[in-house]
Protein chains: 4
Amino acid sequence: MLDLHLDLDRAAGRLGVQLAARLRDAIRSGRLVPAARLPSTRALAQDLGVSRGVVVTAYEQLAAEGFLVSRPGDGTRVARLPAVPAPAGRARPEARGTLDTLPE
Amino acid sequence: MLDLHLDLDRAAGRLGVQLAARLRDAIRSGRLVPAARLPSTRALAQDLGVSRGVVVTAYEQLAAEGFLVSRPGDGTRVARLPAVPAPAGRARPEARGTLDTLPE
Amino acid sequence: MLDLHLDLDRAAGRLGVQLAARLRDAIRSGRLVPAARLPSTRALAQDLGVSRGVVVTAYEQLAAEGFLVSRPGDGTRVARLPAVPAPAGRARPEARGTLDTLPE
Amino acid sequence: MLDLHLDLDRAAGRLGVQLAARLRDAIRSGRLVPAARLPSTRALAQDLGVSRGVVVTAYEQLAAEGFLVSRPGDGTRVARLPAVPAPAGRARPEARGTLDTLPE
DNA sequence: GTGGTCTAGACCACC
DNA sequence: GTGGTCTAGACCACT
């Protein structure tokens, strides 16, 4: 029985991304071992108190990254070779700004 | 002259919240000292390349939290007693969840 | 006035992916020029007869690929430098199979 | 002995539709000649690593289109007159859309 | 039952 | 008004 501490900060939004991050960490750290079966999207959604779409999004993202493998009708499992260093990612546009303040 | 690194991630949205978080951190860490005067909302907005409403929102929130004090004619300043070691009193809705998995 | 021929095959599913593909082609081919403003997600959804989520998904994907830039409150536009060769992509698991048949 | 390259993309789902498409192409292109006997649903399912229902669905669809003929005790064979040059008669719901954009 | 997808509606933040 | 996000419900395909 693994307690994955899947707490989500609802106020922060992007629940799917948060959940994916939690699960990714669990896999990377080994708390979630290869071939382990994950809860169904419906079950986890209910457990977390979020809509199923949130869980589907998270599983989808992790599947695209190679951490999970999900097949319709069969459930979702941790991939056998969760390798993958990290999907690089394009640099996000940022609004740079500097604040010059002199203490009174 | 302090460089506060107030970079905002435009793509992430919630700019007001982001900005407030950055300023809060600056105050907590001491990079922004008590009584220090903050830039006007208009100036900071222009510096960051965001609309003034974003900055107004951030200042309002930090004022409500006790970090900032704004008085007409005196602009906005860091409060002398930034109080609130950690806003733990504020309810933070969370979705808790446990994951029971047995690797088959 | 550009007719982008954004026809979608509803029976094929993955409407968001289809739409993204159509728009990507339009950008790559130059039919959609840099800085051109795209219709709002709501407007295009209604025009195509799909739910807004489908359009949001497509815009989101193209934004992640660097083809589009969307900012809340402002609309969505074609990026200035739509470069990007193609996001490689991990090899998909396949079910291989051979069929040996002798014509009677 | 014909290698039909019946590779299916499991991640894409709709395996039945994919398989039917592959077989239809094989018939149209002549790689699968009239009166040729197809493998049993069980055999092909095992060969492809999918459930039998997938193959049954594919055979059924092709039979309905006139490409295959299945008779009890005689298995499934390619029809002598694969007729139907193109299933244009079947309604194919499409979402048409035009995009009018002027590059500002 | 399980994942995949789409819909319709809603709320928020930003401009 | 616009994009971003979440919800709730539904249908389909596969096992």
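Because only heavy atoms are used, hydrogens play no part in the values below, and waters and symmetry mates are left out as well, while side chains stay in. A note on names: the letters A, B, ... follow the listed sequences, proteins ahead of strands, and every chain is numbered from 1. Just so it is clear, the model here is predicted, and its values are computed rather than measured.
Each of G75(A) and V56(A) lies near DNA chain E, and the nucleotide nearest G75(A) is the one positioned closer to the 5' end.
The side chain of S40(A) has dG3(E) as its nearest neighbour among dG3(E), dG3(F), dT5(E).
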Stepwise side-chain contact (heavy atoms from CB on, under 4.5 Å) check, R77(D) with L38(D)
CA-CA 6 Å; R77(D) 292 168 176 282; L38(D) 291 169; over 6 Å; no

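In this entry the distance linking CD of Q61(A) with C1' of dG3(E) reads 17 Å, nearest Å. Atom pair L44(C):CG and dG1(F):C1' shows a separation of 16 Å (rounding to whole Å applied). For D9(D) and dC14(F), the CG to P distance is 13 Å, given to the nearest whole Å. One can place CG of D47(A) at 14 Å from P of dT2(E), the figure rounded to the nearest angstrom. The separation between R71(C) atom CZ and dG4(F) atom P is 12 Å, rounded to whole Å. Between the P atom of dT5(F) and the CD atom of E60(C) lies a distance of 6 Å, rounded to the nearest Å. Taking atom CG of L68(C) as the reference point, atom P of dG4(F) lies 10 Å away to the nearest angstrom. One atom, CG of L19(D), and another, C1' of dA13(F), lie 14 Å apart when rounded to the nearest Å.
In terms of phosphate contacts, S70(C) brings a side-chain nitrogen or oxygen within less than 4.0 Å of OP1 or OP2 of dG4(F).
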Read 5' to 3' with Watson-Crick or G-U pairs under 3.5 Å, [ ] for crossing pairs and | for partners on another strand, DNA chain F gives ||||||||||||||.

Heavy-atom contacts, protein to nucleotides 6-15 of chain E, under 4.0 Å, summarised as B (base), S (sugar-phosphate only) or - (none) per nt, yield SB--B--SBS

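In this structure, the side chain to side chain contact (heavy atoms under 4.5 Å, CB included) partners of A20(A), at least two apart in sequence or on a different chain, are R24(A), A58(A), Q61(A), L62(A). For T57(D), the side chain to side chain contact (heavy atoms under 4.5 Å, CB included) test picks out no residue, with sequence neighbours left out. The side chain to side chain donor-acceptor pair (under 3.5 Å) search around D25(D) returns none, not counting sequence neighbours. Applying the side chain to side chain donor-acceptor pair (under 3.5 Å) rule to R42(A) yields no partners; only residues at least two apart in sequence or on another chain are considered.
One distance of note links CG of L44(A) with OH of Y59(A); it measures 4.5 Å at 0.5 Å rounding. Considering CD of Q18(A) and CG of L6(A), their distance stands at 10.5 Å, rounded to 0.5 Å.
Here the side chains of R14(D) and L19(D) are not in contact, with every heavy-atom distance at 4.5 Å or above.
At least one donor-acceptor pair under 3.5 Å links the side chain of R22(D) to the backbone N or O of D7(D).
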